[in-house]
Amino acid sequence: MIVDQRIDDGTPFDWGRTSADYAKYRDIYPPEFYRMVLDRGLCRDGQHILDLGTGTGVLPRNMIRYGATWVGTDISAEQIRQARYLSEGMSGIEYRVSSAEDVDFPDGSFDVATACQCFWYFNHETVCHKLRDLLKPGGRFLVLVMEWLPFEDMIAGESERLVLKYSPHWSGAGERMHPIEIPDCYRSGFELIHHEEHKLKVPFTRESWNGRMKACRGIGASLDPEQIIAWEHEHMAMLERIAPKRFDILHYAAMAELKRI
């Protein structure tokens, strides 16, 4: 279990508890999300990439075709188990169980480090110094997020309210599109050279949207099994009332590119 007072007022959570749903329902980034990265000349063409907080390996698995090699790390052994299973038959991807703060590689090992949907969990004072050592001179640290927009999308808003009913301390609610905030400690070793933010629509069915919401920190990673069952029953009933069988959810994608100096 992870307990962090910055997250959900210290409510314990464990991504390993929801790894099966995470693997099934959270590989949802549309092509334009990956194009954002590729258009910056990153994660491709022989580069060696460190993916921090890799989860079930969504980023390496979807980007391996572009010619980079990847090492994915995650604090959850169950997430790494799922990542290895889903990556079977893919050459050029390696996985290790490790927190971002404890990754251990020789200095200058990587051209690029990525952190997708996990940056806010880091001890930044530790990670920024660690990455400055692990990246080659001029290497890049790429921070990526994709979040639904509850104030602009009715279905997302209603689902979010139901998560808060069962998990009132969940701090993942209330997103609006904004640039990714980079803590000041990174200024000593990195320069923010690019950022971008885009709205995009992500397609779902009732089942896949329910699965995506169930695999969030406020439900699958933190609630007791009985509470998860009750939430899912109420959520599916709500979706049958307010959502068609297939629909899009409005999200935004954001990227921040830091250059090692």
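Small disclaimer: the values here were computed from a predicted structure and weren't measured.
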Which pair of heavy atoms, one from [X] and one from [Y], lies closest together, and at what distance?
{"X": "Leu192", "Y": "Ala256", "answer": "CD1-CB, 4.0 Å"}
{"X": "Met255", "Y": "Met36", "answer": "CE-O, 3.5 Å"}
{"X": "Arg17", "Y": "Pro225", "answer": "NH2-CD, 4.3 Å"}
{"X": "Ala23", "Y": "Leu86", "answer": "CB-CD1, 3.7 Å"}
{"X": "Ser99", "Y": "Ile75", "answer": "CB-CD1, 4.0 Å"}

Under 4.5 Å between side-chain heavy atoms, hopping through other hydrophobics if needed: is there a path connecting [X] to [Y]?
{"X": "Leu258", "Y": "Phe110", "value": "yes"}
{"X": "Val127", "Y": "Val143", "value": "yes"}
{"X": "Val71", "Y": "Phe141", "value": "yes"}
{"X": "Phe119", "Y": "Leu131", "value": "yes"}

Residue pair Tyr29, Cys116: steps toward the side-chain contact (heavy atoms from CB on, under 4.5 Å) verdict
CA-CA 11 Å; Tyr29 302 124; Cys116 185; 3.4 Å; yes

Do the two ring centres, one from His124 and one from Tyr186, sit under 6.0 Å apart?
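Ring centres of Tyr186 and His124 closer than 6.0 Å.
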
Can you list the residues that meet the salt bridge (charged side-chain N to carboxylate O under 4.0 Å, His left out) rule with Asp153, with sequence neighbours excluded?
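Scan of Asp153 (salt bridge (charged side-chain N to carboxylate O under 4.0 Å, His left out), adjacent residues dropped) gives none.
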
How long is the span from the [atom1] atom in [X] to the [atom2] atom in [Y], to the nearest 0.5 Å?
{"X": "Asp111", "Y": "Lys136", "atom1": "CG", "atom2": "NZ", "value": "3.5 Å"}
{"X": "Lys259", "Y": "Glu191", "atom1": "NZ", "atom2": "CD", "value": "7.0 Å"}
{"X": "Asp9", "Y": "Ser171", "atom1": "CG", "atom2": "OG", "value": "7.0 Å"}
{"X": "Ile80", "Y": "Arg96", "atom1": "CD1", "atom2": "CZ", "value": "11.0 Å"}
{"X": "Ile7", "Y": "Trp120", "atom1": "CD1", "atom2": "CH2", "value": "8.5 Å"}
{"X": "Tyr66", "Y": "Gln47", "atom1": "OH", "atom2": "CD", "value": "14.0 Å"}

Taking only Lys NZ, Arg NE, NH1 and NH2, and the carboxylate oxygens of Asp or Glu, determine whether [X] and [Y] approach each other closer than 4.0 Å.
{"X": "Asp27", "Y": "Arg61", "result": "yes"}
{"X": "Lys214", "Y": "Glu232", "result": "yes"}
{"X": "Arg217", "Y": "Asp8", "result": "yes"}
{"X": "Glu240", "Y": "Arg206", "result": "no"}
{"X": "Glu32", "Y": "Arg35", "result": "no"}

Between [X] and [Y], does any side-chain donor sit less than 3.5 Å from a side-chain acceptor?
{"X": "Thr11", "Y": "His169", "value": "no"}
{"X": "Thr54", "Y": "Asp74", "value": "no"}
{"X": "Gln79", "Y": "Ser19", "value": "yes"}
{"X": "Ser87", "Y": "Tyr95", "value": "yes"}

Check for a donor-acceptor pair, side chain of [X] on one end and backbone N or O of [Y] on the other, with a separation under 3.5 Å.
{"X": "Glu101", "Y": "Phe122", "value": "no"}
{"X": "Ser159", "Y": "Ala156", "value": "no"}
{"X": "Glu158", "Y": "Met238", "value": "no"}
{"X": "Arg65", "Y": "Asn62", "value": "yes"}
{"X": "Arg6", "Y": "Tyr121", "value": "yes"}
{"X": "Arg132", "Y": "Ile261", "value": "yes"}

Testing His195, His194, Arg40 for side-chain hydrogen bond (donor to acceptor under 3.5 Å, both in side chains) with Glu257, which one passes?
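When side-chain hydrogen bond (donor to acceptor under 3.5 Å, both in side chains) is applied between Glu257 and each of His195, His194, Arg40, only Arg40 qualifies.
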
Worked check of side-chain contact (heavy atoms from CB on, under 4.5 Å) between Glu78 and Asp14:
CA-CA 10 Å; Glu78 183 59 26; Asp14 176 5; over 6 Å; no

Measure the acute angle between the ring planes of Tyr252 and His178, then classify it against the limits of 30° and 60° as parallel, tilted or perpendicular.
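Aromatic pair Tyr252/His178 classed tilted.
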
Angle between ring planes, His235 versus Trp231, binned at 30° and 60°: parallel, tilted or perpendicular?
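Parallel: the ring planes of His235 and Trp231 meet at under 30°.
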
Partner of Phe33 under side chain to side chain contact (heavy atoms under 4.5 Å, CB included), chosen from Leu59, Val202, Ile28:
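When Leu59, Val202, Ile28 are each tested with Phe33, the side chain to side chain contact (heavy atoms under 4.5 Å, CB included) holds only for Leu59.
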
Establish, yes or no, whether the cationic atom of Arg176 lies under 6.0 Å from the six-membered ring centre of Phe151 and within 45° of the ring axis.
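The answer is yes, since Arg176 meets both limits relative to Phe151.
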
For side-chain contact (heavy atoms from CB on, under 4.5 Å), just list the numbers for Leu50 and Ser109, CA-CA rounded to whole Å, side-chain angles, deciding distance to a tenth of an Å, and then say yes or no.
CA-CA 9 Å; Leu50 173 64; Ser109 291; over 6 Å; no

